[in-house]
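Let me begin by presenting the structure, written as structure tokens, before commenting on it.
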Amino acid sequence: MRPGVRIAGLGHHVPGRKVANAEIEAMLDLEAGWIERRTGIRSRYWAQTGDTLSELATKAGHKALEASGLPRSHIGLVLLATSTPDHLLPPSAPLVAHKLALANAGAVDLAGACAGFVYALAFADGFVRLQNKPALVIAANILSRRINMAERATAVLFADAAGAVVLSPSDRPSQGILGASMAAEGSGYDLIQIPAGGSNRPFGPELELAQTQMTIADGRAVFTRAARMMTASSQGALAAAGLAAQDISRFVPHQANARIFDAVCDTLGMDRDRTVRTIAEYGNSSAATIPLSLSISHAERPFRPGETLLLAAAGAGLTGGALIVGI
């Protein structure tokens, strides 16, 4: 019999500084309400001086581990999905595992942009089934330090947050990932990017600061292609699981823009009221939005055995995917 994988614990953490739309609208000389009308965002959390990505991830991971009740010595793997590690080298995951006292776990970063958590969860699910050991998946970002406040498209969207999930072996085959569909469209590689700082355009004295900050080349194209990718991936994952949209208990999308996941719902024929929405208060923290949303949704209305979740994301690269997860 195919083994199962259960969600044993969830946790999230955000920095202490809450930034309302009014502050950003004043900085960019936008009329009141402009941001919420176009994105669904009312506020977001930004890191304060001294905050680090590894610290944010550690706090979310600690909450998930405590909720799981599992001994830390049992955790076999830590995956950290992030686009904003503490340093370009070394990866941040080993430091997070050390801070969490996970002495028997391997640890590695995954750079999958907004879809990073979906990929990390799929990899961790496979590890748990193969090794019969629990795994900790964390997604965390400090995007406020990559925002170009002169560019409206990025300044109004991005936020800082972390979310974490502990996966553990289960004897119920209906638990864990039941269907998956991953996607990539390298033709959209330049739509969302940080132009410099990598090996192609390394740091140097002549490099302008703006070249090391995030930029969105064509917001309309990003919207259209992200909605299409999330829809197609969701349809693929549903087909792989042998399910229909009506079988989904909760839809947990990447919180990029409320209009994107409403469009996905409508195309799938899924009731919008099944969508978990955290974008209004927490904004877009890239890979962190889905585990953040899972943790918040579970706190508000605990997941029940037999529920089926649809997770879907798309982002820079372009890269995306969707998972069907049985509770």
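Along the sequence shown, the residues carry numbers beginning at 1.
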pair [X]-[Y]: side-chain heavy atoms closer than 4.5 Å:
X      : Y      : value
Ile75  : Leu65  : yes
Val252 : Leu310 : no
Arg250 : Glu307 : yes
Leu56  : Ile142 : yes
Leu309 : Phe303 : yes
His98  : Thr58  : no
Val166 : Leu70  : yes
Phe251 : Met270 : yes

If you draw a 6.0 Å radius around [atom1] in [X], do more than 12 non-hydrogen atoms from other residues or ligands fall strictly inside?
X      : atom1 : value
Lys133 : NZ    : no
Phe203 : CZ    : yes
Arg220 : CZ    : no

Are Val118 and Val165 connected into the same hydrophobic cluster when the rule is that any two of I, L, V, M, F, W, Y join if their side-chain heavy atoms are below 4.5 Å apart?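 Shared cluster, yes.
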Hey, quick one: are Ile138 and Tyr282 part of the same hydrophobic cluster, counting side-chain heavy atoms closer than 4.5 Å, chains of contacts allowed? no
Requested in this report: Just jot down the side-chain contact (heavy atoms from CB on, under 4.5 Å) partners of Arg38, sequence neighbours excluded, or say none.
Outcome: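 With sequence neighbours excluded, Arg38 shows a side-chain contact (heavy atoms from CB on, under 4.5 Å) to Trp34, given in chain and number order.
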Do the side chain of [X] and the main chain of [Y] share a donor and acceptor less than 3.5 angstrom apart?
X      : Y      : value
Asn284 : Phe158 : no
Tyr45  : His13  : no
Lys63  : His12  : yes

Lys/Arg-Asp/Glu bridge criterion (N-O < 4.0 Å) met for [X], [Y]:
X      : Y      : answer
Glu23  : Arg17  : yes
Arg225 : Glu185 : yes
Glu25  : Arg152 : no

Distance alone, cut at 3.5 Å: any donor-acceptor contact between the side chains of [X] and [Y]?
X      : Y      : value
Ser144 : Asp160 : yes
Arg277 : Gln255 : no
Thr84  : Asn141 : yes
Glu151 : Thr215 : yes
Arg44  : Asn21  : yes
Ser181 : Ser233 : no
Ser43  : Glu281 : no
Asn148 : Thr154 : no

Next item on the list: Could you walk me through whether Val156 and Ile41 pass the side-chain contact (heavy atoms from CB on, under 4.5 Å) test, one step at a time?
Entry: CA-CA 8 Å; Val156 303; Ile41 298 170; over 6 Å; no
Holding to ring pair (Phe, Tyr, Trp, His ring centres under 6.0 Å), I want the full list of residues that pass it with His62, two or more places apart in sequence or in another chain.
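Listed in chain order: nothing, the list is empty.
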*asked:* Listing request: all ring pair (Phe, Tyr, Trp, His ring centres under 6.0 Å) pairs with a residue in residues 165-186, at least two apart in sequence or in separate chains.
replied: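 Every candidate ring pair (Phe, Tyr, Trp, His ring centres under 6.0 Å) pair involving residues 165-186 fails, so no pair, neighbours aside, qualifies.
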| task | Show your reasoning for whether side chain to side chain donor-acceptor pair (under 3.5 Å) applies to Thr308 and Ser249. | result | CA-CA 5 Å; Thr308 305; Ser249 308; 4.8 Å; no
Taking all heavy atoms of Ala60 and all of Ala164, pick out the closest pair and write down the distance.
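Closest approach of Ala60 to Ala164, heavy atoms only: O-CB, 3.5 Å.
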side-chain contact (heavy atoms from CB on, under 4.5 Å) between Ile290 and Leu294: does it pass, once the steps are laid out?
CA-CA 6 Å; Ile290 291 180; Leu294 285 169; 4.2 Å; yes
